[in-house]
Amino acid sequence: MIELRASAPGKLVLCGEYAVLTGGPAVVAAVNRRATSVLGELRGASCEMHIANSGVTRQFDCLKDGSLRWLDEPGSDGAILTAVIATLNAHGIWRPPDETFRIVLDSRHFFAATRVGDQHKLGLGSSAAVSAAVTGSLLRLLGADMDYSLFHEAHSRLQQGRGSGIDVASSFFGGVIAYTRSPGQIAEVRELGWPR
């Protein structure tokens, strides 16, 4: 397996952050803070997920039914990988690889150090960006199309249907977009340009 890399930007909602939850429009801009997902070959009995932020590595097995069996506590990043693979499996896209693999997730750009050295989350949509990056790298591995509905569904599955989906739309489309989504309907996304 060659190394496969995908990245996705964070977001900044410019207006309509709460209106979008009830079907109103919102404007969101992608920001220059990116999450990355890197897939590579691994020689071992089980697959690994390495979190660059913490240095933690977690092991899992890809089962024949398309699900994952975690050998370590998966944590929030493991929940992202589980949601993405469950979505791809539900659409008949996921095929467990013959070889074990390693996936490295990195969202360090979504945190800043405080004066005392702690890490402070910036609130720029890190989970959506990680979810989008993981989805992108796995779709590349499978040779499948980058279908926005899969990115949206994977993140919605992770959030158990909560939220508007504006953050994952920003991670997928980038740039500045107008976003409207009524409950139970597909989102309408329109690209916008910055004023001169």
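Throughout, numbering of the chain's residues begins at 1 and tracks the sequence. Scope of the values below: all heavy atoms of this structure, side chains included, with no hydrogens, waters or symmetry mates.
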- If two hydrophobic side chains count as joined below 4.5 Å and joins carry through other members, does Leu142 share a cluster with Leu68? yes
- side-chain contact (heavy atoms from CB on, under 4.5 Å) partner of Phe110, chosen from Leu124, Val130, Leu122: Leu124
- Message: With clusters defined by side-chain heavy atoms of hydrophobic residues (ILVMFWY) lying less than 4.5 Å apart, directly or transitively, does Leu192 cluster with Leu14?
- Response: yes
- Is there a side-chain contact between Arg102 and Thr57, using heavy atoms and a 4.5 Å cut-off? yes
- Task: Search all heavy atoms of Lys11 against all heavy atoms of Ser170 and return the closest pair with its distance.
- Result: CB-OG, 3.4 Å
- ILVMFWY network linking Val104 to Leu81, side-chain heavy atoms under 4.5 angstrom: no
- Can you tell me how far NE2 of His50 sits from CG of Asp106, rounded to the nearest 0.5 angstrom? 8.5 Å
- Task: Measure the SG-CZ distance between Cys47 and Arg58 for me, rounded to the nearest 0.5 Å.
- Result: 15.5 Å
- One should read off an interatomic distance between Thr135 OG1 and Ile85 CD1, to the nearest 0.5 angstrom, of 10.0 Å
- Query: Taking C-beta and beyond as the side chain, do Ile93 and Leu139 meet within less than 4.5 Å on heavy atoms?
  - Reply: yes
- Single-linkage hydrophobic cluster Leu4~Phe151, side-chain heavy atoms < 4.5 angstrom: yes
- Item | From Leu105 atom CG to Ser131 atom OG, the distance as rounded to the nearest 0.5 Å | 10.5 Å
- Mutual orientation of the aromatic rings belonging to Phe101 and Trp94 [parallel < 30°, tilted 30-60°, perpendicular > 60°]: perpendicular
- Is there side-chain contact between Ser126 and Arg33, with heavy atoms separated by less than 4.5 Å? no
- Counting only heavy atoms not in His152, do more than 12 sit closer than 6.0 Å to its NE2 atom? yes
- Close side-chain approach of Val20 to Pro25, heavy-atom, < 4.5 Å: no
- Query: Considering only heavy atoms from C-beta outward, does the side chain of Tyr179 approach that of Arg181 to under 4.5 Å?
  - Reply: yes
- Item | Closest heavy-atom pair and its distance - Gly174, Ala30 | CA-CB, 3.7 Å
- Side chain of Ser171, backbone of Pro9: donor and acceptor closer than 3.5 Å? yes
- Query: Can you list the steps and then say if Asp72 with Met49 is a side-chain contact (heavy atoms from CB on, under 4.5 Å)?
  - Reply: CA-CA 10 Å; Asp72 302 304; Met49 178 185 68; over 6 Å; no
- When rounded to the nearest 0.5 angstrom, what is the spacing between CD in Glu48 and OG1 in Thr100? 8.5 Å
- Message: Set out, in order, the CA-CA distance, both residues' side-chain angles and the distance that settles side-chain contact (heavy atoms from CB on, under 4.5 Å) for Asp147 and His91, then state yes or no.
- Response: CA-CA 12 Å; Asp147 181 344; His91 287 270; over 6 Å; no
- Honestly curious: do Trp70 and Ile80 fall in one hydrophobic cluster under the side-chain, below-4.5 Å linking rule? yes
- Message: Please find the pair of heavy atoms, one from Gly136 and one from Ala6, that lie closest to each other, and give the distance.
- Response: C-CB, 3.9 Å
- Task: List the atom of Arg157, the atom of Ala83, and the distance in Å for their closest heavy-atom pair.
- Result: CD-O, 3.5 Å
- Distance col, row His155:NE2 vs Thr87:OG1, nearest 0.5 angstrom, shows 11.0 Å
- Query: Any sub-3.5 Å donor-acceptor pair from Asn53's side-chain atoms to Ser107's backbone N or O?
  - Reply: yes
- For Ser7 and Arg34, work out which heavy atoms get closest and say how close. OG-NE, 2.9 Å
- Query: Heavy-atom distance under 4.5 Å between the side chains of Leu150 and Asp145, does that happen here?
  - Reply: no
- Report yes if some heavy atom in the side chain of Phe172 is under 4.5 Å from a heavy atom in the side chain of Ile177; otherwise report no. no
- Under 3.5 Å, is there a donor-acceptor pair linking the side chains of Asn89 and Ser67? no
- Would you call Arg69-Asp61 a salt bridge at under 4.0 Å N-O? yes
- Message: Minimum heavy-atom separation for Ala26 and Gly16, please, with both atom names.
- Response: CB-O, 3.5 Å
- Does some side-chain heavy atom of Leu39 sit less than 4.5 Å from a side-chain heavy atom of Arg140? no
